[in-house]
Amino acid sequence: MCGIVGYIGKEKALPKVLSGLKFLEYRGYDSAGVAYIYDNEIKITKEVGRINSLEKLLDLSIPSNIAIGHTRWATHGEVNIINSHPHKVGKFTVVHNGIIENYLKIKEKLQKEGIIFKSSTDTEVIPALLDYYYQKENNILKAIVKTINELEGSFALGIICDDDKNNLYAIRRGSPLIIAPSNDGIFIASDIPAILNYTNKYILLNENEIVKLSKNEYQIYDNKLNKIIKEIKIYEGSQDDAMLNGYDHYMLKEIHEEEKVFLDTFNYYVENNKFKDTMPNFKKYQNIHIVACGSAYYVGCIAKSLIENYANIPVYASVASEYRYQKNFYDQNTLVIIISQSGETADSLEALRKAKNDGIDTLAIVNVAMSSIAREAKYTLYVKAGPEIAVATTKAFLAQTTLIALLTIKLQGQNDLLKEFIGLEKHIRELLNRNYQEYAKIISKSNNTFFIGRLVDYALCLEGSLKLKETSYINSVAIQAGELKHGTISLITDNTLVIGICTKKDISSKTISNLKEVKARKANIIYITNEFIEDNFYDQIILLPKVNDIVMPILTVIPLQLIAYEVAKIRGCDIDKPRNLAKSVTVE
Ligand code: F6R
């Protein structure tokens with residue numbers, strides 16, 4: 001999704017803004033641009049494609065002390081230089097992350113006033129509206145308030161004005177934005193990695209808070225322009241979190257952090273085989289709705305299996321983009337759980353708000369501290385994955401799965417199963433150190449791959465299939481093993497690749513029967529299991545350690561992630577930034 005970085009201070013702004021933008025590349029983008037003040041003029045440079053291409057157009061040695069930069073992930077209007085940010089109308093230059101839902105109405109109104117628009121973006125109405133109100137108010141802060149009162153949708157904005165070349169303005173609603181004071185100046189940014197090269201101090205802005213920044217100070221206002229003081233937070237991770245540290249890709253680095261992520265998450269909630277106070281009691285809830293998007297939704301599917309089996313509580317797992325519009329049946333004993341790595345996914349956030357509006361208790365399972373979902377939910381449980389930079393989630397998935405297993409035990413009300421976590425990190429390490437090249441080579445040649453499994457294994461099939469699709473662009477389908485013969489089996493012919501996942505002993509014979517059915521159609525089978533059987537229905541086997549079902553999914557996902565990585569590498573794909581994808585989907 002779009003990324004914003006701005007700097008105002010004593011040092012040269014352009015190198016800092018570009019460095020920050022590079023750390024936001026993981027969010028996904030298709031063009032980039034900067035606006036800076038030099039020679040008492042606002043200059044704008046934009047380019048389609050990577051930040052490196054933009055950098056080539058800029059002279060970084062220019063002594064400009066104010067700059068705002070942007071990476072754009074196109075939503076309204078095609079990918080081209082005109083539609084890239086910053087956008088300037090009249091005296092206002094703006095970078096924007098989010099979507100303005102009522103932009104057509106505003107555009108029409110302003111066109112009637114004689115304002116001419118150059119781009120097809122929703123964003124351009126923002127500087128136009130700022131300029132319109134500034135002409136009436138002659139006061140930048142008042143113009144900002146009037147503008148945001150008229151905007152519907154989500155936005156984080158960095159703003160500079162021709163009439164005030166000593167200040168930079170910022171505001172957020174719905175989209176994330178932080179302010180980060182450093183020794184030589186102050187930053188605005190969409191996310192913490194952008195500023196870690198310069199400072200570990202940051203301030204989280206709440207909805208509709210406005211900031212005016214100058215070289216060495218900042219003032220925050222609410223939307224009535226009352227001054228407010230906010231706590232400065234210290235980012236506790238290290239700068240290394242946002243660095244490759246010798247790995248070829250963030251995806252590989254993050255997968256290799258999974259042993260630590262597992263231990264950090266487990267130890268945050270458990271000590272001496274008992275839950276700590278960090279895990280609240282959810283005993284009163286008799287039915288659970290889990291709502292999330294993409295991989296986080298697949299964690300929700302794992303949760304359904306585990307919670308229903310072990311805690312005997314009915315669980316309905318839904319994707320957030322459906323949940324927010326469908327009819328939901330709940331009562332005062334319903335808990336709505338939102339799972340989200342970023343804590344900013346627009347559909348998940350709206351689903352949370354819908355449940356809250358209906359008076360239902362909500363629990364957020366989130367990685368990014370103090371993100372919108374974390375802040376708005378009644379309860380928040382953090383997973384301890386640390387910053388995840390690669391667009392495709394890996395370590396956050398493992399951390400969420402770990403936390404779901406812990407939550408299941410908490411809901412069950414007995415601590416016995418906590419012992420199943422002890423020593424699991426050794427299995428994680430062993431799986432991380434295996435070589436998956438031979439499987440990756442086979443998969444990289446296939447244009448169509450089928451993942452089949454039942455119940456919790458089906459949830460892992462969904463994740464394995466998504467990971468493969470998004471990183472290596474190989475079409476793949478996940479299907480419940482028993483459902484195959486109701487249609488999809490017609491696609492299975494000579495050498496069709498089928499990956500069967502089977503880790504639940506009580507239903508393994510059923511999945512094996514389904515694999516034999518595809519073998520009879522000459523499929524090529526990779527069998528992923530925790531129980532070796534000598535039979536001839538598979539061509540390759542990945543034998544997983546045998547552990548209790550409650551923790552098994554934590555292990556099963558690891559080969560799926562590493563295989564997807566290896567396949568993407570063989571196929572020369574842009575592993576950390578797959579095409580068309582954004583890390584944090586803050587638009588509907
Ligand atoms: C896939 C992936 C996405 C996210 C989804 C939800 O690898 O990363 O499917 O899981 O966009 O994002 P969060 O968890 O940030 O709400």
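Whatever order the structure lists them in is the order used to number ligands and atoms, beginning at 1. Starting from 1, each residue takes its place in the sequence as its number.
The aromatic rings of His96 and Phe155 sit tilted, their planes meeting at an angle between 30° and 60°.
Of all atoms in ligand 1, numbered sequentially from 1 with element shown, those under 4.0 Å from a heavy atom of Glu470 are 1 (C), 7 (O). Listed by number with element, the atoms of ligand 1 under 4.0 Å from a non-hydrogen atom of Ala392 are 7 (O). Residue-ligand proximity, Ala296 to ligand 1, at heavy-atom distances under 4.0 Å covers atoms 10 (O), 14 (O). Ligand 1 places these atoms under 4.0 Å from at least one heavy atom of Ser340: 13 (P), 14 (O), 15 (O), 16 (O). Taking every heavy atom of Val391 and a limit of under 4.0 angstrom, the matching atoms of ligand 1 come to 8 (O). Residue contact check: Gly294 has heavy atoms under 4.0 Å from atoms 9 (O) of ligand 1.
For atom 12 (O) of ligand 1, the nearest non-hydrogen atom of the protein is Thr345 OG1, 3.5 Å. Scanning all protein heavy atoms for the shortest distance to atom 11 (O) of ligand 1 gives Val585 CG2, 4.3 Å. Nearest protein heavy-atom contact of atom 10 (O) of ligand 1 is Ser295 N, 3.2 Å. Here the heavy atom of the protein found nearest to atom 14 (O) of ligand 1 is Gln341 N, 2.6 Å. Among all non-hydrogen protein atoms, the one lying nearest atom 5 (C) of ligand 1 is Cys293 O, 3.5 Å.
To the nearest 0.5 Å, the span separating CD1 on Ile499 from OG on Ser476 amounts to 7.5 Å. Rounding to the nearest 0.5 angstrom, the gap separating the CG atom in Leu335 from the CD1 atom in Ile288 is 5.5 Å.
At a heavy-atom cutoff of 4.0 Å, ligand 1 is contacted by the side chain of Lys467 but not by its backbone.
Salt-bridge annotation for Asp574 and Arg50: present, with a side-chain N of the basic residue lying under 4.0 Å from a carboxylate O of the acidic one.
Residue contacts with ligand 1: Ser348 is placed with no nitrogen or oxygen under 3.5 Å of a nitrogen or oxygen of the ligand (distance criterion only). Considering both main-chain and side-chain atoms, Ser342 comes within under 3.5 Å of ligand 1 through a nitrogen or oxygen pair.
Residues Tyr565 and His249 have side chains that bring a donor and an acceptor to within less than 3.5 angstrom of each other.
Geometrically, Lys354 engages Tyr323 in a cation-pi contact, judged by NZ or CZ lying under 6.0 Å from the ring centre and within 45° of the ring axis. Remark: Arg579 qualifies as a cation-pi partner of Tyr473 under the 6.0 Å distance and 45° angle criteria applied to the six-membered ring.
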_Test log, rule ring pair (Phe, Tyr, Trp, His ring centres under 6.0 Å), inputs Tyr316 and Phe329_ = CA-CA 10 Å; Tyr316 306 90; Phe329 297 91; 9.4 Å; no
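In this structure, Val368 does not count as a contact residue of ligand 1, since none of its heavy atoms falls inside 4.0 Å of the ligand.
Crowding of Lys469 atom NZ: a count of heavy atoms from other residues, nucleotides or ligands under 6.0 Å exceeding 12.
Nearest heavy atoms, Glu209 versus Leu204: OE1-O, 4.3 Å.
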